[in-house]
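Accompanying notes for the structure given below.
So that the names make sense, note that chain A is the first sequence line, chain B the second, and so on, each numbered from 1.
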Amino acid sequence: MPLIDVQQITKVYQLGDVSVKALCAISLKIENGEFIAIMGPSGSGKSTFMNIIGCLDKPTSGRYLFDGSDVGSLGRDELAAIRNKKIGFVFQGFNLLPRTSALENVELPMLYNGVTARERMQRAMSSLKSVGLEGRERHFSNQLSGGQQQRVAVARALVNNAPVILADEPTGNLDTKTSAEIMELFTKLNAEANITIILITHEADIAGYSRRIIKFRDGCIINDERGKNI
Amino acid sequence: MINIPSTLKISFRALRVNKMRSALTMLGIIIGVSAVIAMLAVGKGASQKIADQIASIGSNLLIILPGSTSAGGVRMGAGTQPTLTMGDTEAILREAPAVADVAPDHGGVAQVVYGNQNWATGIRGTTPNFLNVREWQLASGRVFTEQEVKSGAKVCLLGQTVVDNLFGDIDPIGQIVRIKKVPFTVIGVLAPKGQSLTGADQDDIILVPITVAQRQLFGTPFPGMVRIIHVKAKSSEDLPDAERQITQLLRQRHRIGPKQENDFTVRNLTQVMQAREESQRVTSLLLGAIASVSLIVGGIGIMNIMLVSVTERTREIGIRMAVGARTWDIRLQFIIEALTLSLIGGMIGIIIGVGGSKMFSVFAEWPTIISPFYVVLAFCFSGLVGIFFGFYPAYKASLLDPIDALRYE
């Protein structure tokens, strides 16, 4: 059973009288443990696609099975529960809570699934350790460098043991060296913990870390290529 | 499955970040709660003051005054025409079923001398029933007896003020005082009663048997005349009946024709005072209601700030939603924030309200009574205000679209 099974999904945005088609009948299967890069120019629908598979948005039509369950039939809170337990998000702008320590940022997803305070702390600590931020737990997000902030975001994505990480241009705000470090972290998580990584990127060398590259244009998949790393 | 301790922690942090704003928002609630508490305390103090005065004149009390004289069209006012008699007094007790007790009262002001001290005070000639009618206790000694009234014994009871002025530290019981040069033996001292409704000192008084007052001290235009009759009704429900029965009886006894005016007046002091107490209570409730309007205005302040806060923290809400916060997680977070603001404000308001009332009673010498019930009520009301006015911003926050919220700059 594929982890992500997208069947003929479309997404249409209604902007006043004009309806804009952001996705045209896309079908795609993603297996557990894949490392996928999604590429394409701005407005090609890759972010819309990412929002849908991340359960942040619902398709206009078509079926989306995540881990075997039909996401289209789920309500707001059920989608929130899936995002909480099964999906880790990493964003271009890090999206950490300001004026909040790294530790508390990583604890955040566990606030919403009834983990005890003690266990939250332990899991957040070990998650931060696994992304190489041991000793920085008490730093506030604005006291950390961009690369460190993105590591905190990755730690947050990992802390509920989600099987998949969705990363929307995770290296977009980082320099080349830091980008490489983050990508190596992803590679390591994919190889060692068998975490499915799906990331959006513009850059070919970032996409080069992946083993499958899906290219979008005008809301359609124009290329789905298994890379050399396989 | 909402995590209350961490939600509380989040709320406290959010409030700490904007200290000034939080404090100003709370100010509305602080003013509201303290105003409600202070107003009710002052109002209740005033009611209590009146209730005490009612108790001090004696409950269920009617006073019968003689009518007014008119000399050549000039009417002299209530009490100037001598129409009431000892016979009236006895008849009232005998024939008005709603009446519990009656005491005649005849007297005036006279100089009282003890040793080298002298003091002018009100002398009241009456019967032993007077103490019962006016619910007056003895501090020491005894009351004069019916026998002493009949025989015209020269004994007297002193009010506390008279004792203080004439005797100082000496025990007055058994001493001789001279009233209008007539020697009287002091047989008892009245318990202090304090000020009357009009501020007069009720303890500046000497009670003597009415016969002595009539015959030897003040005289009467005709034998057995009394100036005032004090009547105690059986209960407050019996007051109107007692009033009607007395009026009927006295009209009959004084042979007043159907078209003639009464030559006496019946005053229902208790009713007058109870009306005053009632109006005082209404006033204080009204003040409380006005004060609670400011509490609601404070609540609107909270709503305003919470709406600003939700807008400012749209991105934070988006992040929380992305990592799995459900509708009620977000809603509760903001409701608890509003509740925290209003309850902390409420607590400070209680402190200021209670402290302010105490200061008021010290500096304005006005009794204030802080009722724990109103304090709890004001606190709960401030909490309700917080929840009520916090709900809409929280509801708005929970309905945000996570994608839009995450993109919000």
Side-chain angles (χ1 to χ4, degrees), chain A residues 11 13 22 47-48 50-52 54-58 75-101 104-118 120-121 140-141 152-153 155-160 162 166 168, chain B residues 1-22 305 308-337 340 394-409:
Chain A
K11 182 74 188 178
Y13 290 112
S47 284
T48 306
M50 196 70 133
N51 286 338
I52 288 172
C55 296
L56 285 166
D57 204 355
K58 282 187 172 185
R76 224 180 137 91
D77 287 353
E78 290 160 315
L79 290 178
I82 289 185
R83 292 197 298 270
N84 183 260
K85 295 189 187 76
K86 306 268 180 74
I87 302 168
F89 290 95
V90 176
F91 302 94
Q92 180 178 3
F94 318 133
N95 273 343
L96 301 179
L97 294 185
R99 297 179 291 262
T100 306
S101 71
E104 284 170 300
N105 264 295
V106 178
E107 282 186 348
L108 190 62
M110 292 184 285
L111 289 183
Y112 303 117
N113 58 6
V115 178
T116 62
R118 175 190 285 270
R120 275 208 302 273
M121 170 104 162
F140 279 22
S141 28
V152 174
R156 185 178 64 190
L158 291 171
V159 79
N160 269 341
L166 300 182
D168 192 348
Chain B
M1 195 174 55
I2 307 287
N3 196 328
I4 296 292
S6 25
T7 314
L8 270 176
K9 207 171 140 194
I10 294 165
S11 305
F12 276 121
R13 180 195 310 252
L15 297 178
R16 264 208 314 275
V17 167
N18 288 304
K19 283 194 196 71
M20 187 65 176
R21 188 202 277 178
S22 304
I305 285 305
V308 171
S309 177
V310 166
T311 308
E312 274 183 355
R313 287 151 67 193
T314 300
R315 205 181 169 86
E316 176 196 320
I317 295 164
I319 296 170
R320 290 180 184 281
M321 285 175 165
V323 302
R326 287 148 300 180
T327 315
W328 273 100
D329 290 319
I330 300 292
R331 245 174 238 182
L332 268 185
Q333 181 188 334
F334 284 96
I335 288 175
I336 287 181
E337 245 177 78
T340 309
Y395 176 76
K396 234 184 117 186
S398 73
L399 288 191
L400 285 172
D401 180 56
I403 300 165
D404 293 342
L406 277 169
R407 281 203 204 112
Y408 186 85
E409 292 300 328

- Winner by heavy-atom pair count (cut-off under 4.5 Å) against chain B, out of Glu104(A), Glu107(A), Arg156(A): Glu104(A)
- Message: Please classify the contact between Thr100(A) and chain B as side chain, backbone, both or neither, with a heavy-atom cut-off of under 4.5 Å.
- Response: both
- Task: Please step through side-chain contact (heavy atoms from CB on, under 4.5 Å) for the pair Met50(A) and Leu56(A), ending with a clear verdict.
- Result: CA-CA 9 Å; Met50(A) 196 70 133; Leu56(A) 285 166; over 6 Å; no
- Note on the structure: Which of Arg331(B), Arg13(B), Arg313(B) passes salt bridge (charged side-chain N to carboxylate O under 4.0 Å, His left out) with Glu337(B)? Answer is Arg313(B)
- Message: Counting only non-hydrogen atoms closer than 4.5 Å, does Leu96(A) touch chain B with its backbone (N, CA, C, O), its side chain (CB onward), both, or neither?
- Response: backbone
- Task: Give, as side chain, backbone, both or neither, the part of Arg16(B) having an atom under 4.5 angstrom from any heavy atom of chain A.
- Result: neither
- Query: Below 4.5 Å, heavy atoms only, C-beta onward: do Tyr13(A) and Thr48(A) meet side chain to side chain?
  - Reply: yes
- Message: Using heavy-atom distances under 4.5 Å, tell me whether Arg99(A) contacts chain B through its side chain, its backbone, both, or neither.
- Response: both
- Query: Are Asp329(B) and Arg320(B) close enough, and set up right, to give a salt bridge (charged side-chain N to carboxylate O under 4.0 Å, His left out), and what steps lead you there?
  - Reply: CA-CA 9 Å; Asp329(B) 290 319; Arg320(B) 290 180 184 281; over 6 Å; no
- Query: Is Val152(A) close to Phe94(A) at the side-chain level, that is, under 4.5 Å between some pair of heavy atoms?
  - Reply: no
